[in-house]
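Okay, so here's the structure we're looking at.
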Amino acid sequence: MCCIAVCQKKRLSLSILDEMYSSNNHGAGIAWIKKKQIYWRKGDNIQQIKRLCEQVPLPYVVHTRLASIGGRSPALSHPFPI
């Protein structure tokens with residue numbers, strides 16, 4: 001199971017991000033758009049995701065993962081480039 005927050009007009013509060021990660025702590029990621037280019041970061045480091053939530057431009061998407069299929073691996077955190 002995963003938690004996904006789409007932040008279009010308002011930044012995700014760090015307390016909500018902590019709640020998301022406390023129940024889904026097998027990985028986290030964030031994706032955002034800057035100058036029509038899509039960027040993303042993912043992995044297990046929630047502190048890095050917190051910093052990015054405060055820095056990247058809106059809109060952005062945050063994902064936290066609870067491993068099911070594939071086990072626990074930073075490579076399986078979202079977002080995935082397509």
Side-chain angles (χ1 to χ4, degrees):
M1 184 59 78
C2 301
C3 288
I4 300 172
V6 179
C7 306
Q8 293 180 318
K9 297 181 181 182
K10 184 178 174 184
R11 293 191 177 279
L12 185 64
S13 74
L14 297 183
S15 63
I16 291 175
L17 182 55
D18 283 336
E19 287 183 41
M20 289 172 59
Y21 194 72
S22 71
S23 61
N24 296 274
N25 61 359
H26 295 163
I30 184 171
W32 68 97
I33 299 171
K34 185 176 179 181
K35 297 182 180 178
K36 299 183 181 183
Q37 180 72 31
I38 299 172
Y39 297 89
W40 69 91
R41 299 285 295 262
K42 63 182 184 175
D44 285 325
N45 187 342
I46 191 62
Q47 297 306 319
Q48 179 184 38
I49 302 299
K50 283 182 175 183
R51 280 191 298 278
L52 288 169
C53 280
E54 294 177 321
Q55 296 172 357
V56 301
L58 291 169
Y60 62 85
V61 177
V62 177
H63 169 267
T64 59
R65 178 175 189 262
L66 183 62
S68 54
I69 296 172
R72 196 172 174 171
S73 168
L76 295 176
S77 295
H78 296 188
F80 294 108
I82 296 176

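In Ile38, the CD1 atom is not crowded: 12 or fewer heavy atoms of neighbouring residues, nucleotides or ligands sit closer than 6.0 Å. Within 6.0 Å of the CD atom in Gln8, the count of heavy atoms belonging to other residues, nucleotides or ligands does not exceed 12.
The two residues His63 and Cys2 come nearest to each other via the heavy atoms NE2-SG, 3.2 Å. Heavy atoms only, all atoms of each residue included: Gly27 and Tyr21 are closest at O-CE1, 4.0 Å. Pro57 and Trp32 get closest at one heavy-atom pair: CD-CD1, 3.7 Å. The two residues Met20 and Val62 make their nearest non-hydrogen contact at CE-O, 4.0 Å.
Leu58 and Val61 fall into different hydrophobic clusters, where Ile, Leu, Val, Met, Phe, Trp and Tyr are joined by side-chain heavy atoms under 4.5 Å apart, directly or via other members.
Connectivity analysis of hydrophobic side chains (ILVMFWY, heavy atoms under 4.5 Å, direct or indirect) links Leu66 to nothing; its cluster partners are none.
Summarising the geometry, atom CD belonging to Gln48 is positioned 13.0 Å from atom NZ belonging to Lys42; distances are rounded to the nearest 0.5 Å. Rounding to the nearest 0.5 angstrom, the gap separating the CD1 atom in Ile30 from the SG atom in Cys53 is 4.0 Å. In this structure, the separation between CD on Glu19 and CG on Leu14 is 12.0 Å, given to the nearest 0.5 Å. Separating the CD1 atom in Ile46 from the CZ atom in Arg51 is a distance of 10.5 Å, to the nearest 0.5 Å.
Under the 3.5 Å distance criterion, the side-chain polar atoms of Arg41 are left unmatched by any main-chain donor or acceptor of Ile49.
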